[in-house]
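For reference, the structure discussed in these notes is given below.
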Amino acid sequence: MLYLHRDTVTVSGGSVASVTLNVHDGLVRQLLVRALTSGTTVFRADLTDSRNTIIRRNYAYHEGEINDVNSGFPLQGTTVVNVTNASATDTFAIVLAVEELH
């Protein structure tokens, strides 16, 4: 079964966070973070644990979009998707696809 976390968030002041539901043992299959207003917005993103303290995956600066379909790392519990260091106020679409293991 595939769990999809979808969210639309607006970055103002440089950063914003989106929190997933609880995932029981899964593998990340895709993280998509796309700037919707301007394809030239530069930003960073990371995935952290539920307390937003331990960074599980860190993405360097990207322009317009991050589309990671090669992760495959294990995920458990809730996860925070952070969009940071945005060069402009922008709205972002976030999709985190996790293959749940049973």
Side-chain angles (χ1 to χ4, degrees):
M1 176 160 47
L2 193 64
Y3 165 73
L4 284 176
H5 170 75
R6 294 175 184 260
D7 202 357
T8 303
V9 295
T10 301
V11 171
S12 93
S15 64
V16 69
S18 177
V19 181
T20 71
L21 295 175
N22 190 37
V23 174
H24 300 282
D25 298 323
L27 296 174
V28 174
R29 294 300 181 200
Q30 180 184 25
L31 173 65
L32 173 67
V33 181
R34 178 181 294 152
L36 297 176
T37 306
S38 170
T40 60
T41 299
V42 176
F43 64 96
R44 296 177 59 128
D46 62 57
L47 297 174
T48 64
D49 67 349
S50 61
R51 292 185 208 111
N52 206 14
T53 56
I54 298 174
I55 296 175
R56 298 292 313 277
R57 182 75 66 186
N58 191 14
Y59 296 91
Y61 285 99
H62 284 73
E63 183 176 345
E65 177 180 283
I66 295 170
N67 189 13
D68 181 2
V69 294
N70 298 314
S71 289
F73 71 91
L75 188 79
Q76 186 178 47
T78 58
T79 299
V80 181
V81 180
N82 293 297
V83 179
T84 61
N85 300 100
S87 62
T89 298
D90 206 333
T91 301
F92 288 83
I94 296 173
V95 176
L96 178 65
V98 178
E99 178 184 358
E100 292 184 311
L101 306 174
H102 294 281

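Everything quoted here is computed from the prediction, not taken from an experiment. We count residues from 1, following the sequence as given.
- When all heavy atoms of V80 and S50 are compared, the closest pair comes out as CG2-O, 4.2 Å.
- Smallest separation of non-hydrogen atoms from G72 and R29: CA-NH1, 4.0 Å.
- A donor-acceptor pair under 3.5 Å links the side-chain atoms of D49 to the main chain of I54, judged by distance alone.
- A heavy-atom distance below 4.5 Å is not found between the side chains of V23 and T79.
- At a threshold of 4.5 Å between non-hydrogen side-chain atoms, the residues R44 and N58 count as touching.
- Note: F43 and F92 have perpendicular aromatic rings, judged against thresholds of 30 and 60 degrees for the angle between ring planes.
- Closest approach of G39 to E63, counting heavy atoms only: O-CG, 3.6 Å.
- Contact record, V81 with V33: CG1-CG2, 4.5 Å, taken as the closest heavy-atom pair.
- Hydrophobic clustering (ILVMFWY, side-chain heavy atoms < 4.5 Å, transitive): F73 and I66 are in one cluster.
- Side-chain contact between L96 and V28 is present, with at least one heavy-atom pair separated by less than 4.5 Å.
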Full working for side-chain contact (heavy atoms from CB on, under 4.5 Å) between L101 and L27: CA-CA 8 Å; L101 306 174; L27 296 174; 4.0 Å; yes
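- L36 and Y59 fall into different hydrophobic clusters, where Ile, Leu, Val, Met, Phe, Trp and Tyr residues are linked whenever their side-chain heavy atoms come under 4.5 Å apart, directly or through other members.
- Each of V95 and Y3 belongs to its own hydrophobic cluster when Ile, Leu, Val, Met, Phe, Trp and Tyr are linked at side-chain heavy-atom distances under 4.5 angstrom.
- In the hydrophobic cluster analysis, where Ile, Leu, Val, Met, Phe, Trp and Tyr join through side-chain heavy atoms closer than 4.5 angstrom, L21 is grouped together with V98.
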